[in-house]
Amino acid sequence: WDVVENTHESIISMELWERVQAVDKRNSKAAKDSFGKYAYLPKRENPYGSLLRCADCGRAIKYIRSYSQKGTKAYYNYKCPENIELGDAACPKKNIRAQDLDTVVLATLQKQMELFLDTQKVLQRLIALEREKKKRTLPSGRIEDIRREIEKRKNLSTAIYTDYKEGLLTQDEYLYAKKKYKDELSALEQELSELRGMDSKETSVSFGEKHWQGLIDRYYGAKELTGDMVRAMVREIKLHADNSISVEFLYMNEFEELIRECERIRKEVA
């Protein structure tokens, strides 16, 4: 490159430029000198990665490791990078100890799993009550009666077509009878579907439960938070200026489905 100096007014003075370069060199040298210096201290996993974000600026929270003056102990904190780089005016300060954050997140995940288990128990009791209510109100043998009526309508539909082809029925008589049997068949099949609704509904609910049940089988009662646990359950965690957190869970549609089903059945059996 051809370098031509002093062609336009500088943005900062050369003196300030040289001072900044000197600071950068000192920091770079300090970083190189300390590389591997504390390798003997135990490492700690960051279970959150980009899932942990600042509630104000939205940036991924930075995982910071520092050391005691004697180098005998490592400290781990989470801080907002926007605040580190630009100060409080850019984003409110956030600084929470890693252990404190893990404790709060683990407790939040456990509460969500307990809420699922409680909701699941309520739903199972309500399903049992609904089934008993239907049994009490359903005439004995009604399902078998409907099946026989459906088969009868199907046979009649076949018979009238044969009569029409053989000239025993006019076209108008055939079309009238065909529509009548079709409407009756549709009504019977609808009633049969409703009577079988409990079994099909249970299958649907079980499908909605499967993700959360799998999570509980793996993580319920866990004593320590892990990255696998966070990634399996969490869509995003936001850290607020008062060091409180808000958690957005994965599979909330399935969970909300259980709650809606509980409300629906509770109204029916009330």
Side-chain angles (χ1 to χ4, degrees), residues 19-116 211-212 214-252 255:
R19 284 169 58 192
V20 171
Q21 301 311 304
V23 170
D24 285 346
K25 286 180 180 178
R26 286 198 302 270
N27 290 342
S28 178
K29 183 177 184 303
K32 289 180 180 178
D33 292 344
S34 65
F35 182 76
K37 183 177 179 181
Y38 302 106
Y40 60 88
L41 293 175
K43 301 294 188 298
R44 181 188 179 282
E45 176 196 17
N46 175 11
Y48 309 105
S50 62
L51 297 179
L52 177 62
R53 294 192 169 271
C54 174
D56 294 298
C57 68
R59 291 181 62 180
I61 293 293
K62 193 170 184 179
Y63 187 48
I64 305 292
R65 181 174 64 174
S66 57
Y67 304 95
S68 61
Q69 289 185 345
K70 295 182 179 180
T72 57
K73 189 173 182 180
Y75 302 97
Y76 300 91
N77 291 69
Y78 290 97
K79 299 182 180 182
C80 171
E82 192 82 0
N83 178 270
I84 294 173
E85 296 166 9
L86 301 175
D88 294 348
C91 190
K93 183 178 180 180
K94 298 168 187 68
N95 182 10
I96 185 170
R97 291 176 60 235
Q99 186 58 51
D100 292 342
L101 180 61
D102 287 356
T103 300
V104 174
V105 172
L106 180 60
T108 303
L109 300 187
Q110 292 288 0
K111 285 180 181 178
Q112 185 66 20
M113 287 188 281
E114 288 170 3
L115 182 58
F116 168 80
H211 289 301
W212 278 98
L215 292 172
I216 286 173
D217 291 342
R218 279 179 284 169
Y219 301 117
Y220 187 68
K223 302 301 181 184
E224 293 184 1
L225 189 75
T226 66
D228 288 341
M229 186 178 186
V230 172
R231 289 186 293 273
M233 297 183 65
V234 171
R235 187 181 302 280
E236 185 178 69
I237 301 173
K238 289 183 179 180
L239 180 62
H240 298 266
D242 61 355
N243 283 345
S244 64
I245 64 167
S246 53
V247 180
E248 181 182 354
F249 290 95
L250 295 168
Y251 309 122
M252 282 306 294
F255 186 80

Note: Lys223 and Leu106 closest approach over all heavy atoms is O-CD2, 3.5 Å
Considering all heavy atoms of both residues, which atom of Cys80 and which atom of Ile61 are nearest to each other, and what is their separation?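 Reported closest heavy-atom pair: CA-CD1, 3.9 Å.
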Does any pair with a residue in residues 77-99 pass ring-ring contact (aromatic ring centres under 6.0 Å, His included), and if so which ones, sequence neighbours excluded? Tyr48-Tyr78, Tyr63-Tyr78
Does the side chain of [Y] come within less than 4.5 Å of [X]'s, by heavy atoms?
X      : Y      : value
Trp212 : Gln112 : yes
Met233 : Leu250 : no
Arg44  : Arg65  : no

Set of side chain to side chain donor-acceptor pair (under 3.5 Å) partners for [X], sequence neighbours left out:
X      : result
Glu248 : Arg235
Asp88  : Asn83
Ser244 : Asp242
Arg19  : none

Tell me, yes or no, whether the heavy-atom count around Gln21 atom CD, taken from other residues, nucleotides or ligands under 6.0 Å, exceeds 12.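 Atom CD in Gln21 is crowded, with more than 12 foreign heavy atoms closer than 6.0 Å.
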Quick one: list whatever passes side-chain contact (heavy atoms from CB on, under 4.5 Å) with [X], sequence neighbours left out.
X      : value
Val247 : Thr108, Val234, Ile237, Ile245, Phe249
Glu114 : Tyr220
Ser246 : Lys238, His240

With a cut-off of 3.5 Å and sequence neighbours excluded, list every side-chain donor-acceptor pair involving residues 49-59.
residue: Arg53; atom: NE; partner: Ser50; partner atom: O; Å: 3.2
residue: Arg53; atom: NH1; partner: Gly58; partner atom: O; Å: 2.9
residue: Asp56; atom: OD2; partner: Lys94; partner atom: NZ; Å: 2.7
residue: Arg59; atom: NH1; partner: Glu82; partner atom: OE1; Å: 2.8
residue: Arg59; atom: NH1; partner: Glu85; partner atom: OE1; Å: 3.0
residue: Arg59; atom: NH2; partner: Glu85; partner atom: OE2; Å: 3.3

